[in-house]
Number of protein chains: 2
Amino acid sequence: MAASAGRPSRVATLPPRERVLDAAEELFRSEGIRRVGVQAIAERAGTTKMAIYRHFGTKDALVAEWLRIVAAEYQAAFDRVEADHPGRPREQILGLARFIAEGLPAISHRGCPFINSIAELPDSSHPARRVIEEHKAHQTRRLVGMCTEAGLPDPGQTAAAITFVLEGAQVSTHNGSIDHVGDRLMRIAEGILDQHLAPLGASRAPAG
Amino acid sequence: MAASAGRPSRVATLPPRERVLDAAEELFRSEGIRRVGVQAIAERAGTTKMAIYRHFGTKDALVAEWLRIVAAEYQAAFDRVEADHPGRPREQILGLARFIAEGLPAISHRGCPFINSIAELPDSSHPARRVIEEHKAHQTRRLVGMCTEAGLPDPGQTAAAITFVLEGAQVSTHNGSIDHVGDRLMRIAEGILDQHLAPLGASRAPAG
DNA sequence: CCCATGTGATACCGATAGGTATCATCAGGT
DNA sequence: ACCTGATGATACCTATCGGTATCACATGGG
């Protein structure tokens with residue numbers, strides 16, 4: 001078996017398509033889209049360019065597929081957080097914030113893949129852009145829904161505030177230390193919800 | 001065809017270095033850094049690649065110089081807002097938010113150049129990265145200073161909240177309409193300041 | 001008048017990228 | 001045993017990009 005050395009046995013029986021997506025995940029996330037060539041992805045996936053083009057057609061399509069998977073993971077987190085706190089929209093929103101906060105160390109210094117991808121793909125006709133836009137729209141819709149359920153007086157405004165803070169926290173991972181970013185994010189999110197709820201029932205329990 | 005046709009007379013006597021920086025500003029901001037070649041910048045500036053390399057040495061240096069100028073504009077806005085409301089840190093912070101809010105339509109759908117540039121330059125050794133980091137550090141320092149002056153109990157926390165919201169608002173210009181983003185940003189910033197000031201004077205005037 | 005400088009123009013180089021064609025190989029099903 | 005489809009390997013094409021070398025010209029100072 002002369003050629004056996006090049007075979008990456010770590011993922012052994014994983015089909016090439018999955019290996020390619022895994023490699024793309026790692027490389028796109030850590031180094032960006034345009035900096036990573038198809039050849040590099042193929043090597044990391046233990047396969048060849050041809051296999052990638054056979055499965056995805058173009059690099060753009062691979063990028064879109066990758067973002068589709070990332071978006072699905074975010075939506076799964078949404079589902080989870082919703083299921084974990086049924087009928088408690090405030091806890092759901094904070095759970096979402098916690099999901100982002102806990103993910104900050106993992107994306108350390110590389111920020112949110114959606115934000116980064118948009119920056120790298122200014123061409124709005126790129127297939128990946130549709131994926132991002134749909135994901136963002138979906139996320140906004142769900143967040144506004146939660147805010148509405150929570151009885152917030154201006155769900156759109158509160159959802160915007162939460163969204164801004166979530167995105168801003170992710171962006172801030174680019175700069176300096178991220179030591180307290182997660183904690184800060186949680187406190188800020190709680191503060192926003194408390195404040196936007198305040199005009200409602202006047203005296204609510206401030207304990208926390 | 002004499003050579004006179006190719007001469008861009010619109011900016012006439014502006015020296016080539018300035019024309020290049022103007023062209024870079026337009027192209028980098030609207031299309032990103034990596035998508036824009038040196039050749040394209042030269043053409044838009046009405047000059048040639050050689051002139052660019054004579055003045056800046058490398059494309060990376062040009063990118064850094066461009067961001068240095070953008071950073072200077074932001075800091076000038078900081079200065080302005082500080083001078084407009086001397087001794088009134090709360091108004092200064094809100095003035096800063098207003099500066100961002102009013103700039104949103106201009107950066108419509110292209111977000112903040114710093115955020116985008118970081119996404120496009122994952123290599124932290126890139127000369128432009130130093131410019132960005134210094135700018136962000138400077139901005140944070142000033143914002144924390146304002147929060148401290150304002151007598152806020154936890155200036156770091158409040159500065160982080162303001163920063164997150166400011167960055168988040170700029171990121172959100174990528175998606176959908178930006179109709180109310182400016183107004184929303186202002187209301188959110190005001191809310192944060194009010195709320196973080198609240199623990200101080202107990203009974204605060206809720207009037208708008 | 002002449003020379004130095006800054007600039008425009010063009011051609012080119014090496015590297016890399018996305019994408020394709022071709023052939024060898026290996027697995028599974030009949 | 002054979003055929004088929006998916007995969008691996010390699011070589012190649014074309015385009016673009018950052019960067020350089022070279023030449024032409026225009027200007028302004030001595």
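Owing to the predicted nature of the structure, the values given are computational and were not obtained by experimental measurement. In what follows, chains are A, B, ... by sequence order, proteins preceding strands, each numbered from 1.
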Go through residues 118-128 of chain A and report each residue with a non-hydrogen atom lying under 4.0 Å from DNA chain C, sorted by number. none
Set of side-chain contact (heavy atoms from CB on, under 4.5 Å) partners for R129(B), sequence neighbours left out: I118(B), L121(B), S124(B), H126(B), E133(B)
Nearest-0.5 Å distance, CD of residue E190(B) to CG of residue L185(B): 9.5 Å
Has R54(A) got a side-chain N or O lying under 4.0 Å from the OP1 or OP2 atom of dA9(D)? no
Sorted by chain and residue number, the side chain to side chain donor-acceptor pair (under 3.5 Å) partners of T158(B) (sequence neighbours excluded) come out as H196(B)
Under the side-chain contact (heavy atoms from CB on, under 4.5 Å) rule, collect the residues that match up with V131(B), sequence neighbours excluded. A64(B), L67(B), R68(B)
Taking atom P of dT20(C) as reference, at what distance in whole Å does atom CD1 of I52(A) sit? 13 Å
Using heavy atoms and a sub-4.0 Å distance, could you list which residues of residues 27-39 of chain B are near DNA chain D? By number, please. V36(B), G37(B), V38(B)
I'd like to check the side chain to side chain donor-acceptor pair (under 3.5 Å) partners of E91(B); sequence neighbours left out, ordered by chain and number. none
Residues in side-chain contact (heavy atoms from CB on, under 4.5 Å) contact with P113(B), at least two apart in sequence or another chain: R29(B), W66(B), V70(B), Y74(B)
Pairs under 3.5 angstrom only: tabulate donor-acceptor contacts from the side chains of residues 162-170 of chain A to other protein residues two or more places apart or in another chain.
from    : atom 1 : to      : atom 2 : distance (Å)
T163(A) : OG1    : A159(A) : O      : 2.7
E167(A) : OE1    : K136(A) : NZ     : 3.4
E167(A) : OE2    : K136(A) : NZ     : 3.4
Q170(A) : NE2    : L166(A) : O      : 3.4

Take the protein atom CD1 of I41(B) and the nucleotide atom P of dG8(C), then report the distance between them rounded to whole Å. 15 Å
Figure out the OH/P separation between Y53(B) and dC12(C), and round it to whole Å. 19 Å
Which ones in residues 57-64 of chain B lie close to DNA chain D, meaning a heavy atom under 4.0 Å from one of its atoms? T58(B), K59(B)
Is T48(A) near enough to dA9(D) that one of its side-chain N or O atoms lies under 4.0 angstrom from OP1 or OP2? no
Those residues that, when tested against H55(A), pass side chain to side chain donor-acceptor pair (under 3.5 Å) (two or more places apart): none
Can you check the F56(A) CZ to dG19(C) C1' distance for me, whole Å? 16 Å
Under the rule for side chain to side chain donor-acceptor pair (under 3.5 Å), what residues qualify as partners of R90(B), not counting sequence neighbours? D194(B)
Expressed as a whole number of angstroms, how long is the span from M50(B):CE to dC23(D):P? 13 Å
Side-chain atoms of K49(A) come closest, of dG19(D), dG8(D), dT20(C), to dT20(C)
Any H55(A) side-chain N or O less than 4.0 Å from OP1/OP2 of dT7(D): yes
I93(A) side chain near H85(A) side chain, heavy-atom distance below 4.5 Å: no
Tell me: CZ of R17(A) to P of dG8(D), nearest whole Å? 14 Å
Does H180(B) have any side-chain contact (heavy atoms from CB on, under 4.5 Å) partners at least two apart in sequence or in another chain, and if so, which? R184(B)
What is the separation between atom CD on E43(B) and atom P on dG18(D), rounded to the nearest whole Å? 13 Å
